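What you see is a predicted model; the values in this text were computed from it and never measured. Below, chain A is the first sequence line, B the second, and so on; all start at residue 1.
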Amino acid sequence: MSALNLYDTATREVGVFKPLQPGQVSIYVCGATVQAAPHIGHVRSAVNFDILRRWLIWSGYDVTFIRNVTDIDDKILQKAVIEKMQWWALAMKYERIFNSAYAALNVMPPTYEPRATGHITQMIELMQTLIDNGAAYAPGNGDVYLEVRKLKRYLTLSGQKLDDLQPAADVDAGASMKKDPRDFALWKAAKVGEPSWPTPWGAGRPGWHLECSAMAHTYLGEAFDIHAGGLDLIFPHHENEIAQSEAAGHKFANRWLHNAWVTQSGEKMSKSLGNTLQVDVILQRVRGIELRWYLGSAHYRSMLEYSEAALDESAVAFRRIENFINRATELLGEQPTPVVNDAFCAAMNDDLAVPAALAGISENLRLGNQGITDSDLTIVAKAASEIRGALQILGCDPLDQNFAQSAPANVNEALDGVIHLALKERTAARERKDFAASDAIRDGLLELGITIEDTAQGPRWSMTEKS
RNA sequence: GGUCGGAUGGCCGAGAGGCGAGGCAAGGGACUGCAAAUCCCUCUACACGGGUUCAAAUCCCGUUCCGACCUCCA
């Protein structure tokens, strides 16, 4: 088996992945700032790194996967005012919505999901270290800043030069307390009516970046394997995480992975453009497993240009695969055993080349369908096993219990019985060549969203989405 | 201004020196009472201009266009 190769944003090269500890992988993914409901760009990130995680687990690694929740920041406070809620109630509300989106898309829950507000102590310790080192300073107004000019290296992830940056457009006069306009706030002084926590430098709340360094350190140690997040986090968020962590003497992340965006008309999905597509809206159009398939099928470093047509096409393609798995399961009399074949393995080891892996699935789908036509169960079993193996890694196994619909246990059985009564009548009509009657039954069922197919093994039915 | 990414057939979407990934759509065929499903066959590409090379979608130089980031962002 080939070794896993991954792209590293820091070196901008694909290279062999070697964990710091043999057999173990530690991953920190920047999760949600819970200030609004997720759009499909947010969950694309979750799906992409869930696929990475599943691949690492399949490859035999013991994976510790930390994905944080940032539950205190400027936008949360602003949003709380707008929605007339306590900031903590608002954060919790959106955290739940994020979690239900993750669940609908079969994203594995993280090993641990730390919240920023639960790690104030660790943040204060980190700031104390940075002040003791001379890397950070508290000018006395309650803010604490990192002094970026003192850093040995800064902006190496984004490849920029400090002097090339446009100076931050700080609005408040407090910015003048900075030694350099490019210094960033580790900690922000309390304002009236805003939540705060006591520190040796005054009461306040975390700046945006500090929480990730503190939590990564807490759960993964001073050095860990992979830090991941969206492309737009490279600067400033990840640069600043690196800056404050390295200034505290931590090696921090060994490798950086960034997923690309979901775009519309070539433009990144964002609130300010008003072009966001919320997950719950899309889930009225397609099922969770179909949305996951769509989001996961492009390479994680490629922009995914959203369109309804592309989403629909992707969903139809997935249903073909699902249909084959279901038919194969019926024919074989048992669920196919998942098998990861060499082609899939090679594709995934090449920087998670999912699109290349999909070509292999298509090939197997063709062979498997041919096997069904020929009633060659050996071929059907092989194809179904290999497809299911791939689908499991992609988190899109239609037989996965996480995608099962909730309904009374006997509903499917009862429905099956009712449909078979109708099919019996239809078969009788066909035997007496009364095709008008047999077609009427089939059309009637179709109107209810039930598709009838005549096969060599007799009629079979399946539920389809009513359009 | 600085940094980064992109442009591939009707559409989506890989590839990164040599054999045209794959899917969808379209056309033809097989199967079928009709349909659905399935299978087979066919077709259409590398933004533009130079260069390197036996060979360029791929490397180099230049150009155009699109997008992202520059302390709010997945």
(request) Measure the CZ-CD1 distance between Arg430(A) and Ile441(A) for me, rounded to the nearest 0.5 Å. (result) 11.0 Å

(request) Would you mind building the protein contact string for nucleotides 28-37 of chain B? One character per nucleotide, 5' to 3', B for base within reach (heavy atoms under 4.0 Å), S for sugar-phosphate only, - for untouched. (result) -----BBBBS

(request) Please determine if Arg182(A) and Asp180(A) form a salt bridge, counting it only when a charged side-chain N lies under 4.0 Å from a carboxylate O. (result) yes

(request) May I ask you to decide whether Lys150(A) forms a salt bridge with Glu147(A), counting only side-chain N to carboxylate O separations under 4.0 Å? (result) yes

Taking a pair as Watson-Crick or G-U wobble with both distances under 3.5 Å, which nucleotide is matched to [N]?
N	answer
U3(B)	A68(B)
C11(B)	G23(B)
A30(B)	U38(B)
A16(B)	none

Have a look at [X] and say if it touches a base, only the backbone sugar-phosphate, or nothing, with a 4.0 Å heavy-atom cut-off.
X	result
Ser314(A)	nothing
Asp74(A)	nothing
Ala353(A)	nothing
Tyr154(A)	base
Gln370(A)	sugar-phosphate
Val43(A)	nothing

(request) Determine, for Tyr28(A) and Arg67(A), whether the Lys NZ or Arg CZ falls below 6.0 Å from the six-membered ring centre while staying within 45 degrees of the axis. (result) no

Polar atom pairs between nucleotides 3-6 of chain B and protein, under 3.5 Å, N or O only, would you list them?
{"residue": "U3(B)", "atom": "O2'", "partner": "Ser158(A)", "partner atom": "O", "Å": "2.7"}

Side chain of [X]: nearest nucleotide among [options]?
X	options	result
Leu233(A)	A74(B), G13(B), G23(B)	A74(B)
His299(A)	A14(B), U71(B), G22(B)	A14(B)
Ser362(A)	A14(B), G22(B), U71(B)	G22(B)

(message) Which heavy atom of Val34(A) sits nearest to which heavy atom of Asp71(A), and what is that distance?
(response) CG2-CA, 3.9 Å

(request) For Asn341(A) and Glu386(A), work out which heavy atoms get closest and say how close. (result) ND2-OE1, 2.9 Å

(request) Could you tell me whether His258(A) and His238(A) have their ring centroids closer than 6.0 angstrom? (result) yes

(message) What is the separation between atom OH on Tyr294(A) and atom P on G23(B), rounded to the nearest whole Å?
(response) 19 Å

(message) Are Leu415(A) and Trp461(A) packed together at the side-chain level, in the sense that at least one heavy-atom pair is separated by less than 4.5 angstrom?
(response) yes

(message) Side-chain N or O of Arg366(A) versus OP1/OP2 of G23(B): is the shortest distance under 4.0 Å?
(response) no

(message) Ignoring hydrogens and geometry beyond distance, is a side-chain donor-acceptor pair present between Asp73(A) and Thr33(A) at under 3.5 Å?
(response) no

(request) Could you tell me which residues satisfy salt bridge (charged side-chain N to carboxylate O under 4.0 Å, His left out) with Glu194(A), sequence neighbours excluded, listed by chain and number? (result) Arg205(A)

(request) Using only heavy-atom distances, decide whether a donor-acceptor pair under 3.5 angstrom links the side-chain of Glu363(A) to the base of G22(B). (result) no

